[in-house]
Amino acid sequence: MLNRKGFTLIELLIVVVIIGILAAIAIPKFSQTKEKAYVASMKSDLRNLGTAEEAYFADNLAYFGGTASNVGGAPVEVESYVPSAGVTVVITPTAGGGGVPASFNATATHVATAVSCAVYYGEPPAAPATAEGEPACTQP
């Protein structure tokens, strides 16, 4: 009698197929996790912007505007506000009575995703934001 030890070719192929199926399920989940992290980063930056704007408003009775970016190279700050790595925030103050900026809206984008987020304080709202001071994002 022959005493052979080991796996047959069929057994090995079945294991390889099972590993392939598991990898096909795990890779898209990992991609969605990265996307959620980018969106969370943009929302956090917009909340931090709200704090920075209110501090600026307390000193100057107006909101600041401009484009703050942290994409490659040196970050571009606006009134000491710098967003997270890969994020660009466009801040648009809107004039109130007497031409002084009395409200603002802002839009955040990230270089690694097509999703964009927005927030507004006062009027008019920036799409897709629907609640004042609460960042909202477009769906991919």
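- Looking at heavy atoms from C-beta onward, Asn70 lies out of side-chain contact with Ser84 at the 4.5 angstrom threshold.
- Residues passing the side-chain hydrogen bond (donor to acceptor under 3.5 Å, both in side chains) test with Thr109, sequence neighbours excluded: none.
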Checking side-chain contact (heavy atoms from CB on, under 4.5 Å) for the pair Thr113/Lys34: CA distance, chi angles, key distance, verdict? CA-CA 9 Å; Thr113 182; Lys34 287 177 27 179; over 6 Å; no
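- Considering only heavy atoms from C-beta on, Thr67 stays 4.5 Å or farther from Val89 through its side chain.
- Side-chain atoms of Thr138 never come within 3.5 Å of backbone atoms of Val115 as a donor-acceptor pair (strictly under, hydrogens ignored).
- A distance of 14.0 Å separates CE in Met42 from CG in Leu49, rounded to the nearest 0.5 Å.
- Cluster annotation: Tyr120 and Val90 are assigned to distinct hydrophobic clusters (Ile/Leu/Val/Met/Phe/Trp/Tyr, side-chain heavy-atom contacts under 4.5 Å, transitive).
- Ala24 and Pro28 get closest at one heavy-atom pair: O-CD, 3.0 Å.
- In this structure, Val119 and Lys43 have side chains that are not in contact, with every pair of non-hydrogen atoms separated by 4.5 Å or more.
- Under a hydrophobic-cluster definition in which Ile, Leu, Val, Met, Phe, Trp and Tyr are linked whenever side-chain heavy atoms come within less than 4.5 Å, directly or via other members, Val76 and Tyr81 are assigned to different clusters.
- Between the side chain of Glu77 and the main chain of Val82, no donor-acceptor pair closer than 3.5 Å is present.
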Which atom pairs, donor and acceptor, lie under 3.5 Å between side-chain atoms of residues 6-21 and protein residues at least two apart or in another chain?
{"from": "Thr8", "atom 1": "OG1", "to": "Glu11", "atom 2": "N", "distance (Å)": "3.3"}
{"from": "Thr8", "atom 1": "OG1", "to": "Glu11", "atom 2": "OE1", "distance (Å)": "3.4"}
{"from": "Glu11", "atom 1": "OE1", "to": "Thr8", "atom 2": "N", "distance (Å)": "2.9"}

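- Residues satisfying the ring pair (Phe, Tyr, Trp, His ring centres under 6.0 Å) test with Tyr56, not counting sequence neighbours, are Phe64.
- Side-chain contact between Tyr121 and Glu54 is present, with heavy atoms from C-beta onward closer than 4.5 Å.
- Using a distance-only test at 3.5 Å, with no hydrogens or angles considered, no donor-acceptor pair links the side chain of Asp45 to the main chain of Pro83.
- Within the 4.5 Å cutoff, side-chain heavy atoms of Arg47 are placed close to those of Glu134.
- In plain terms, the two heavy atoms of Gly65 and Val78 that are nearest each other are O-CG1, 3.5 Å.
- Inter-residue side-chain proximity for Tyr38 and Val111 is flagged as unmet; no heavy-atom pair is nearer than 4.5 Å.
- In this structure, Leu46 CG and Asn105 CG are separated by 10.5 Å, a value rounded to the nearest 0.5 Å.
- The minimum heavy-atom distance linking Ala85 with His110 is given by the pair O-NE2, 3.5 Å.
- Looking at Thr94 and Ser103, their side chains do bring a donor and an acceptor atom within 3.5 Å of each other.
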